[in-house]
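Quick notes on the structure that follows.
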Amino acid sequence: MSKYPFNEIEKKWQKYWEENKTYRVTEDPSFPKDKRRYVLDMFPYPSGAGLHVGHPEGYTATDIYSRYLTMNGYNVLHPMGFDAFGLPAENYAIKTGTHPYTTTKKNIENFRRQLKSLGFSYDWDREISTCDEEYYHWTQWIFEKLYEKGLAYEASTPINWCPSCKTGLANEEVKEGRCERCGEKVEKKNIRQWILKITAYADRLLEDLDSLDWPESVKAMQRNWIGRSEGASVNFKIDGMDEYLEVYTTRCDTLFGATYMVIAPEHRLVKELTTVEQKEAVEKYIDETKHKSDLERTDLAKDKTGVFSGSYAINPVNGKKIPIWIADYVLISYGTGAIMAVPAHDDRDWEFAKKFGLPIIEVLKSEVDVQKQAWTEDGIHVNSEWLDGLNKKDAIEKMLSWLEEHKCGHKAINYKLRDWVFSRQRYWGEPIPLVHCPNCGTVLVPENELPLTLPEVEKYEPSGTGESPLVNVESWVNCECPKCHGAAKRETNTMPQWTGSCWYYLRFIDPHNHEAFVDPEKEKYWMPVSLYVGGTEHAVLHLLYSRFWHNVLYDLGLVSTKEPFQKLVNQGMITSFAYQKKNKSLVPVDKVKETEPGKFIEEDTGEEVTQVIAKMSKSLKNVINPDDFIRNYGADSVRMYEMFMGPLTESKPWATNGFMGVYRFLDRIWRIISERNIVDIEPEKELDRLTHKTVKKVTEDTETLNFNTAISQMMVLVNEINKLESVPKKTLETLALLLSPYTPHLAEEMWEMLGHKPSISKEKWPSYDPAKCIDDEVEIVIQVNGKLRSKLMMPVNSSKEAVLDAVRKDGKTSQWTEGKTVIKEIVVPNKLVNLVVK
RNA sequence: GCCCAAGUGGUGGAAUGGUAGACACAAAGGACUUAAAAUCCUUUGUCCGCAAGGACGUACGAGUUCGAGUCUCGUCUUGGGCACCA
């Protein structure tokens, strides 16, 4: 009895692949364009914790697919690298004084070791790290292209500020009013920032989504995030002043119902509109709102606050004077930061009007009393002079032409998408290659001086006042202006976490190029990415930012495709089991005992608990470390199990028992190959048929990434083989080939044991004969009135008449048809007969 | 509140509108063994029945169809995203 020696096998083949550069890929011109594929993983941030079980899931999926494509005659680019700038290394540096580069390098080494131990077919010669000077040289270079194109601007605006990370954040990095990284409440802070004009690409980022083979949910998230809305811009004259107040509205048809206006506390006209009598009240209110965090402002959503400015505007449609209020339920960052309020038909305006006693006028025929609640559904226009009787669509159209005719408004489009706040007041990121010169203003660092490298610093601690630790490095900050050669100062902000990943897929194509970020010919050879697999957490961060950068590069003629990632697949999260008490609190796994199947109790209290699925967490003691499983059961088992758990895109719980089943499966294969009598004979007909069926199923399911069902079919074949005294060599060769993308180490070993030269990964994928997949006899199901009543074995492709004849002779069927009239006979060839009787 | 997914045995999950539960786990029984592990064999959706067999069954309620886990409408639940966006 030889135990499955996964450890020796895996070490042996990993060494072989490394020494022989088995997975090296070149831009071989003999492959036509349609025989090239670029299969990409979302590269990891090399955290100190190492790989978690989620990583091998997506990585195994792309590895199987890449190996499958290679065996089918494709030239496949399948690279790996590291997204290496990030806060954990920097925070560790603050605590210990260790340079983030040292920490990061160590973590990368660990990650690389772990990835290699899983036997992925990456071309390691193409490995990149975003924190390498060689790499960020070109990140800075692309930034300069954006700057030259006018897509980067400096502004002092109130931005999201994380007091814990002590840095500004982009809108995309704020989740439910909290910092995406650390969960701290986000504040508003007015600091000087570099901002990228992503909004200039809003329309294209929206429209091009239609051309992408991406999950609908991710497309929907991006659409919502971009948040395009069509409406009108309307100018209200301010009473007694030579000023206009511009508002944005999607319902200009309700203009007759506008009974007051509201401007955001940060609006530029606040001062001018505030009258002497209201000055004190307004100042007090503005001061209050300033001290509210974003979260507080939204938490208090129910209770509206505001103050009257003292001024009035003129409603352009009826000349009525309406008061202008200041309230923080109007956001400065959307539209014009000012609204016309139609309290009868908007919940928020209604609440505000009620609280402050403002008039409510019904302008859409309502099914409720608008004095008692707002009517927000559609309705025919009333109290609206020349709009009365019209529906929404016609009224909007008529109002738009009226506004344009009277030069007080026009059609307008608005987006929820905001420009990308691009500077971080931190150390461990790409320096922004700009110089501030008292004479020349902002000047780019010349291309031939790139990369602008990060200097050594004494302390990594951010100042917290809105400046990066780089300000203290005088020798670095003080520099010569590239233009006038006078004394100047460097920009001390760094780029955000997401920058390196905006273009890394391009660098994999040509990672060692010193002349350009990518060679245009090589870029054309590989792009676009054919399959991109990763988690859904990047739906509006990385995936939106990189599309934006790619669009810009496309406009500059630097890349050949409009979009970077043609097909996107989101792997599901690997969760874990946990146990829940009646009061919904969760009990750690090690405190629970299974008393009988499906029944669990908490050991300490004896209370019955139910098994639930929960995220892995240290406190629940249900975190799975892939290293342990690789060590104890082999990488092939880990790969196979993660693919067997369920559909790639679903989230699913890790079950160690289920893992053992997969391990047993591989062990069984090992025992067959190492102990069974292997003979060079043609397989029997039934085994041959099953083999062809298996090749068919595994081929189809691998192609469509349905790995779990492909594996179950291989199990069916192995179960049959396992019954044989002597096994045809040919069948085992086919099995080895089918297994090779899934369990490459075991497959290489089998291939060698069967007398072949390595590497199996260079062999041709097996083909199947459709004719040999068909059974001689098929089971025909007989239904009476749609209910299963009998079954018959019939020769395949029996005629309708023959089948019906057999059914009539079938005793079981006649029990159900006796004394009744058959009014319809439905025959599905080789499958089923349904008799409709009365 | 709005926008997306998803609800199938004790568990993970299979099922081009055509036999619901493939494959695997867990469990029970058996073989081998001094014993255990490993391995192999058998049973296993629920209910009634000794059995043959029958009834029920894919969150719930309707509908379309000869036939619905699958299609349509409504309801509920869970997960994810967004949220004072005018």
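Labels below follow one simple rule: chain letters A, B, ... track the order of the sequence lines, proteins then strands, and each chain is numbered from 1.
Base contact: A/V330 has a heavy atom under 4.0 Å from a base atom. Residue contacts for A/R668: at a heavy-atom cut-off of 4.0 Å it reaches the sugar-phosphate backbone alone, with no base atom in range. Base engagement by A/F644 is indicated by at least one non-hydrogen atom pair under 4.0 Å involving a base atom. Here A/K791 lies in heavy-atom contact (under 4.0 Å) with a base. Across all strands shown, A/P647 has heavy atoms under 4.0 Å from sugar-phosphate atoms exclusively, and none from any base. Residue contacts shown for A/S333 are absent, as no nucleic acid heavy atom lies under 4.0 Å away. Using a 4.0 Å heavy-atom criterion, one finds that A/V836 contacts the sugar-phosphate atoms exclusively. Across all strands, A/W350 comes closer than 4.0 Å to no nucleic acid atom at all (heavy-atom distances). No contact: A/G335 has no heavy atom under 4.0 Å from any strand. A/R789 comes within contact range of the sugar-phosphate backbone alone, with a heavy-atom separation under 4.0 Å but no base atom that close.
Distances shown here put every side-chain N or O of A/N708 at or beyond 4.0 Å from the OP1 or OP2 atom of B/A24. One finds a side-chain N or O of A/S229 lying less than 4.0 angstrom from the OP1 or OP2 phosphate oxygen of B/A86. For A/K831, no side-chain nitrogen or oxygen approaches OP1 or OP2 of B/G18 to under 4.0 Å. Here A/R664 reaches the OP1 or OP2 of B/A26: one of its side-chain N or O atoms lies under 4.0 Å away. OP1 and OP2 of B/A14 both lie 4.0 Å or more from every side-chain N or O belonging to A/K697. Here A/Y248 does not reach the OP1 or OP2 of B/A86: none of its side-chain N or O atoms lies under 4.0 Å away. Between A/N722 and B/C40 there is a side-chain N or O to OP1 or OP2 distance below 4.0 Å.
Between B/A20 and B/G29, the two P atoms lie 32 Å apart (nearest whole Å). Taking the C1' atom of each, B/U11 and B/A35 are spaced 32 Å apart, rounded to whole Å. The separation of B/U44 from B/U78, taken at their P atoms, amounts to 36 Å, rounded to a whole angstrom. Rounded to a whole angstrom, the distance from the P atom of B/G57 to that of B/G63 is 15 Å. Spacing of C1' atoms, B/G61 relative to B/C66, comes out at 24 Å, to the nearest Å. Between B/A15 and B/A28, the distance separating the two C1' atoms is 28 Å to the nearest Å. Straight-line distance between the C1' atoms of B/U64 and B/G9: roughly 29 Å, to the nearest whole Å. Comparing B/C40 with B/A51, their P atoms sit 30 Å apart, to the nearest whole Å.
Atoms CD1 and CZ, on A/I669 and A/R664 in that order, are 14.0 Å from each other to the nearest 0.5 Å. Distance OH/A/Y768 to SG/A/C773: 7.0 Å, rounded to 0.5 Å.
With respect to A/E686 and A/R689, a salt bridge is recorded, a charged nitrogen being found less than 4.0 Å from a carboxylate O. Between A/E173 and A/R178 there is no salt bridge, since no side-chain N of the basic residue sits under 4.0 Å from a carboxylate O of the acidic one. The pair A/K185-A/E187 does not meet the salt-bridge criterion, since no charged nitrogen lies less than 4.0 angstrom from a carboxylate oxygen.
B/G57 has its base anti relative to the sugar, with a glycosidic angle deviating from 0 by more than 90°.
Centroid-to-centroid, the aromatic rings of A/F644 and A/F707 stay 6.0 Å apart or farther.
No hydrogens or angles were tested; on distance alone, nothing pairs the side chain of A/K416 with the base of B/C82 as donor and acceptor under 3.5 Å. Side-chain to base pairing of A/E779 with B/U19: one donor and one acceptor N or O lie within less than 3.5 Å of each other. One cannot find a donor-acceptor pair under 3.5 Å joining the base of B/C25 and the side-chain atoms of A/N657.
The partner of B/C2, taking Watson-Crick or G-U wobble pairs whose two distances both stay under 3.5 Å, is B/G81. Under the Watson-Crick or G-U wobble criterion, with both distances below 3.5 Å, B/G12 is paired with B/C23. In this structure, B/U65 makes no Watson-Crick or G-U wobble pair, since no nucleotide meets both defining distances under 3.5 angstrom. As the counterpart of B/G29, B/C41 is assigned, both hydrogen-bonding distances of the Watson-Crick or G-U wobble pattern falling under 3.5 Å. Searching all strands for a Watson-Crick or G-U wobble partner of B/C60 with both distances below 3.5 Å returns B/G74.
Under a 3.5 Å cut-off, the side chain of A/N785 and the backbone N or O of A/V837 do form a donor-acceptor pair.
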